[in-house]
Protein chains: 2
Amino acid sequence: MRPKREWFIERLDLVKTLDDLNAAIFDLRDRFGVDHLIYHSVNSTGEQYAALTYDKAWVDHYVRQDYARLDPVVQGCYRRFHPVDWKQLDWTAKPTRLFLGEAVENGVGNQGYSVPIRGPSGQFALFTINHRANDDSWRLYRDEHLADLILLAHFINQKALEIERGSDAIEVQKLSPREIDALTLLATGMNRAQAADTLAISEHTLRVYIESARFKLGATNTTHAVARALAHGLLVI
Amino acid sequence: MRPKREWFIERLDLVKTLDDLNAAIFDLRDRFGVDHLIYHSVNSTGEQYAALTYDKAWVDHYVRQDYARLDPVVQGCYRRFHPVDWKQLDWTAKPTRLFLGEAVENGVGNQGYSVPIRGPSGQFALFTINHRANDDSWRLYRDEHLADLILLAHFINQKALEIERGSDAIEVQKLSPREIDALTLLATGMNRAQAADTLAISEHTLRVYIESARFKLGATNTTHAVARALAHGLLVI
DNA sequence: TTTCAACTCCCCATAAATGGTGAGGGGGCG
DNA sequence: CGCCCCCTCACCATTTATGGGGAGTTGAAA
């Protein structure tokens with residue numbers, strides 16, 4: 001049986017502030033022997049946080065140009081379940097190739113591996129390692145560190161969220177089962193008549209549930225109520 | 001440096017079918033030395049899959065009674081980001097206590113640890129270990145196996161998804177940037193007038209984007225389009 | 001016993017969404 | 001060069017959603 005706790009979990013335990021986390025990212029990059037380590041997250045209110053080792057001028061330029069809109073790492077991971085090697089991403093479009101050229105000029109390596117992480121209220125975080133290496137040595141490195149990278153992604157994210165708030169349980173007004181039924185059927189594309197039929201109630205009754213849910217969610221209209229319920233993990237569709 | 005690959009990753013590599021995965025779940029339960037191991041998932045179309053070691057009669061009863069609606073493990077993990085020990089869940093409500101009594105009578109242990117896993121299209125999976133133990137020895141066990149359990153959750157989920165389909169990249173009709181802008185603003189609660197103002201376009205133009213997005217997503221109305229876009233990870237709100 | 005929440009149902013008037021149709025300019029790709 | 005997609009704007013008629021109001025029954029908890 002191997003040691004109880006990974007060395008990087010011990011290292012992250014020392015982290016108490018976001019500044020600590022930024023410093024830890026540099027330590028972890030050095031200990032993992034890669035050129036860059038990046039943790040970037042979007043929380044449920046759209047606020048972003050990044051702890052990374054790229055050059056600050058490149059990061060500012062990336063944000064100013066809104067490169068996330070076309071960066072295959074962000075776009076590709078956003079639609080994938082599992083960790084992905086950058087070779088599996090689509091770099092063929094012309095704006096993407098131009099972007100990649102700029103990135104490489106600014107110190108970004110040709111190899112990368114990214115782990116998407118999702119939370120209960122639509123949060124999305126991305127953990128990436130990046131390195132300049134040939135394909136064979138990169139593949140060896142990746143195979144050898146796969147488990148550690150997945151764990152590292154998980155624990156960095158957990159530590160970032162702990163610092164950001166004390167707990168991760170979502171505080172949301174509780175919807176009644178019928179309110180959830182009503183929003184779920186609307187989210188699956190039924191109109192109100194169909195939803196009322198399905199629940200064997202009148203449209204008037206359905207409307208009461210919709211409006212009550214809308215009020216509890218603090219939504220301005222039905223579309224917003226459905227969106228908030230989905231974002232809070234209250235509906236499965 | 002420890003071995004390249006975890007023994008359980010090697011074991012899961014042997015899995016080719018869902019039946020293999022079911023068999024592997026029993027092996028893994030024995031090798032991890034717990035009473036039960038459970039993997040349960042809901043995909044983006046609402047279909048469920050479970051590989052678990054509970055008694056079949058109990059599982060059938062659980063499904064028939066729709067216990068997921070009140071099971072604190074399911075309800076609590078659904079709203080949480082991180083893995084959670086069952087002691088941290090809320091078991092105080094009377095129906096919950098009655099449910100727990102039935103569960104214990106049917107072989108479910110008093111200690112549990114669950115790892116929620118989320119996908120890009122609203123998928124939700126839950127990996128759980130369950131055991132009869134006192135608090136102290138359970139805490140020791142959990143601390144010692146924390147990293148392995150997180151990795152096991154990840155790889156079981158990955159294997160289940162691989163078997164279910166060949167790839168995890170989401171095939172969804174690409175929305176144009178303006179279409180995404182339109183749906184995003186509606187998802188944040190703006191009405192059409194406000195959204196048009198924000199984008200500095202007319203409501204007629206906004207409507208063209210909404211209806212085009214609706215068509216691409218195969219949605220029946222605007223609420224459905226927003227729901228599908230969210231479920232497919234196309235919007236950040 | 002009282003209170004509260006959940007579930008159930010109804011009406012009128014106004015505003016918004018949808019069905020269905022029309023149109024033009026610009027840029028990129030085959 | 002032609003085609004296709006993106007971005008932009010408009011109209012009429014019908015259907016649906018919302019604003020705002022009314023009401024009753026049942027079961028659980030304080």
Side-chain angles (χ1 to χ4, degrees), chain A residues 66 69-70 90 92-99 172-187 189-229 234, chain B residues 66 69-70 90 92-99 172-187 189-229 234:
Chain A
D66 200 10
R69 260 173 105 100
L70 58 76
D90 179 10
T92 55
K94 186 170 169 178
T96 307
R97 295 203 304 275
L98 292 173
F99 160 73
V172 122
Q173 184 101 359
K174 191 174 169 56
L175 299 186
S176 75
R178 273 318 219 193
E179 288 165 355
I180 291 179
D181 288 342
L183 294 190
T184 299
L185 292 180
L186 296 182
M190 286 188 192
N191 62 28
R192 291 186 182 204
Q194 292 166 323
D197 258 8
T198 299
L199 296 177
I201 57 177
S202 77
E203 279 192 58
H204 308 291
T205 302
L206 184 83
R207 184 183 168 190
V208 171
Y209 298 145
I210 293 169
E211 311 236 330
S212 175
R214 191 152 71 81
F215 176 78
K216 288 178 179 176
L217 291 162
T220 51
N221 56 44
T222 300
T223 299
H224 191 201
V226 167
R228 284 180 70 84
L234 299 179
Chain B
D66 200 10
R69 260 172 106 99
L70 58 76
D90 180 11
T92 55
K94 186 169 168 178
T96 308
R97 294 204 304 276
L98 292 173
F99 160 73
V172 124
Q173 186 98 359
K174 190 173 170 57
L175 300 186
S176 77
R178 277 316 221 194
E179 288 164 356
I180 290 178
D181 288 343
L183 294 191
T184 299
L185 292 179
L186 296 183
M190 288 189 189
N191 61 29
R192 291 186 181 204
Q194 293 166 324
D197 258 8
T198 299
L199 296 176
I201 59 178
S202 76
E203 279 193 60
H204 308 291
T205 302
L206 185 82
R207 183 185 168 189
V208 171
Y209 297 147
I210 293 170
E211 310 232 333
S212 175
R214 190 152 72 79
F215 176 79
K216 287 179 180 177
L217 292 162
T220 51
N221 57 43
T222 300
T223 299
H224 190 201
V226 167
R228 282 180 70 82
L234 297 179

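Lettering of chains follows the sequences in order, A, B, ..., and the numbering in each one begins at 1.
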Atom pair distance, as rounded to whole Å: CZ in F215(B) and C1' in dT18(C): 16 Å
Please confirm whether the shortest side-chain N or O distance from K216(A) to OP1 or OP2 of dA5(C) is below 4.0 Å. no
Classify the nucleic acid contact of T222(A) as base, sugar-phosphate or nothing, counting any heavy atom under 4.0 Å across all strands shown. sugar-phosphate
Looking at side-chain heavy atoms only, is the closest gap between L199(B) and T205(B) below 4.5 Å? no
Within-4.5 Å side-chain heavy-atom neighbours: V226(B) and V226(A): no
Residue closer to the 5' end of DNA chain D, N191(A) versus R214(A) (nearest nucleotide): N191(A)
Scan S176(A) against the nucleic acid and name what it touches under 4.0 Å (heavy atoms): base, sugar-phosphate only, or nothing. sugar-phosphate
Please determine if a side-chain N or O atom of H204(A) lies less than 4.0 Å away from the OP1 or OP2 oxygen of dC9(C). no
Indicate yes or no: at least one non-hydrogen side-chain atom of L217(A) is less than 4.5 angstrom from one of L234(A). yes
Is N221(A) touching bases, backbone alone, or none of the nucleic acid, heavy atoms closer than 4.0 Å? sugar-phosphate
Nearest heavy atoms of H224(A) and N221(A), plus distance in Å: N-OD1, 2.8 Å
When only distance counts, do a donor and an acceptor, one from the side chain of R207(A) and one from the base of dG20(D), lie under 3.5 Å apart? yes
Comparing V208(B) and E203(B) on DNA chain C - which has the more 5′ nearest nucleotide: E203(B)
